[in-house]
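Note sheet for the following structure.
In this chain, numbering begins with 1 at the start of the sequence shown.
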Amino acid sequence: MSADTPRRIVLLRHAKAEWSETSDHERPLAERGRRDAPVAGRWLAGTGIIPDLTLCSTSLRTRETWKLAVHELPQRPRTVYEERIYEASLGELIALLNETPDDVNDLMLIGHNPGVHALADALSGEAEADLLPRMNRSGFPTSALAVVAFDGSWKALEHGVGRLIAYWTPQG
């Protein structure tokens, strides 16, 4: 892989979760989340982006989101349930992405706010049309997806190297 290899990162915030008496890590999806997660999967399938690898937080709501969304894709990517995504800071998320093997061109990360929104914003040095202001106005709601493209090695991924090429929310 050369230094100018095109890559894409798909960032998905988990679907809407219930507020319950369980620990935050074990909160299940709410009914709205169970409806929105497959819609997010269909949107992703419509982009034609099929991740080579998916990194998913170990929380119940992210695992349930992925289980519902992945059924909408034409093929299931390799999935790693990564406990470091839960409650990760921006720096921790970038460090995790820097560990991605260079044979991965398209990576999906399923996580939580504020980390997922901060990551999409930090990586997006450029954006198509009004995507960046629209993403930042929306606050990256549950089931939102952002796609950031960049060229180069995962080890070189850092603030501002990417271009926000897509942003979608179930609310439109």
Side chain to side chain contact (heavy atoms under 4.5 Å, CB included) between L12 and V116, intermediate numbers included: CA-CA 7 Å; L12 171 60; V116 171; over 6 Å; no
Walk me through it: do D24 and R61 pass the test salt bridge (charged side-chain N to carboxylate O under 4.0 Å, His left out)? CA-CA 9 Å; D24 182 68; R61 61 191 177 274; 3.1 Å; yes
Go through it in stages, so that I can follow the logic: the residues are L145 and M108, the test is side chain to side chain contact (heavy atoms under 4.5 Å, CB included), and I'd like the CA-CA distance, side-chain angles, deciding distance and then a yes or no. CA-CA 10 Å; L145 283 149; M108 182 169 194; 4.1 Å; yes
Would you check, one step at a time, whether the test side chain to side chain contact (heavy atoms under 4.5 Å, CB included) holds for E82 with L109? CA-CA 10 Å; E82 177 56 68; L109 185 141; over 6 Å; no
For W66 and R76: C-alpha separation, side-chain torsions, deciding distance, then whether side chain to side chain contact (heavy atoms under 4.5 Å, CB included) applies. CA-CA 10 Å; W66 182 229; R76 182 183 180 91; 3.9 Å; yes
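The line from CD of E158 to CD1 of I94 is 8.5 Å long, rounded to the nearest 0.5 Å. Separating the CD1 atom in I110 from the OG1 atom in T58 is a distance of 12.0 Å, to the nearest 0.5 Å. L131 CG to W168 CH2: the interatomic distance, rounded to the nearest 0.5 Å, is 14.5 Å. For the atom pair CG (L164) and CZ (R134), the distance works out to 9.0 Å, reported to the nearest 0.5 Å. Here the straight-line distance linking atom CD of E18 with atom CD of E26 works out to 13.0 Å at 0.5 Å rounding.
P38 places none of its side-chain heavy atoms less than 4.5 Å from the side chain of H71. Side chains of L119 and L97 form a contact here, defined as non-hydrogen atoms less than 4.5 Å apart. Residues W154 and T5 have side chains not in contact (no heavy-atom distance under 4.5 Å, counting atoms from C-beta outward). With a 4.5 Å cut-off on side-chain heavy atoms, E128 and R163 count as touching.
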Pairs of donor and acceptor atoms involving the side chains of residues 40-56, under 3.5 Å and at least two apart or interchain, shall be tabulated with distances.
residue	atom	partner	partner atom	Å
T47	OG1	L44	O	2.6
T47	OG1	I49	N	3.1
D52	OD2	N105	N	2.7
D52	OD2	D106	N	2.9

Result block: side-chain N/O donor-acceptor pairs under 3.5 angstrom for residues 135-144, not counting sequence neighbours:
residue	atom	partner	partner atom	Å
N136	OD1	H117	NE2	2.8
N136	ND2	D121	OD1	3.1
N136	ND2	L132	O	3.4
S138	OG	M135	O	2.9
S138	OG	F140	N	3.2
S138	OG	Y167	OH	2.4
T142	OG1	R32	NH2	3.2

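In this view, E92 satisfies the salt bridge (Lys or Arg N to Asp or Glu O under 4.0 Å) rule with no residue, not counting sequence neighbours.
Residue E83 places its CD atom among 12 or fewer non-hydrogen atoms of other residues, nucleotides or ligands, all under 6.0 Å distant.
L107 and V80 end up in the same hydrophobic cluster when Ile, Leu, Val, Met, Phe, Trp and Tyr side chains are linked at under 4.5 Å. Linking Ile, Leu, Val, Met, Phe, Trp and Tyr residues whenever their side-chain heavy atoms come within less than 4.5 Å leaves L68 and V70 in two separate clusters. Following chains of ILVMFWY side-chain contacts shorter than 4.5 Å, one cannot reach Y81 starting from Y86, and the two form parts of different hydrophobic clusters.
Remark: R34 engages E31 in a salt bridge, criterion side-chain N to carboxylate O under 4.0 Å. A salt bridge links D102 with R7: the closest approach of a Lys/Arg side-chain nitrogen to an acidic carboxylate oxygen falls below 4.0 angstrom.
Minimum interatomic distance between D151 and P6 (heavy atoms only, all atoms of both residues): OD1-CA, 3.3 Å. Between L60 and R27, the shortest heavy-atom contact is CB-O, 3.8 Å. Nearest heavy atom pair, residue G162 against residue V148, reads CA-CG1, 3.8 Å.
Listed for the T62 side chain is no donor-acceptor partner under 3.5 Å among the backbone atoms of H14.
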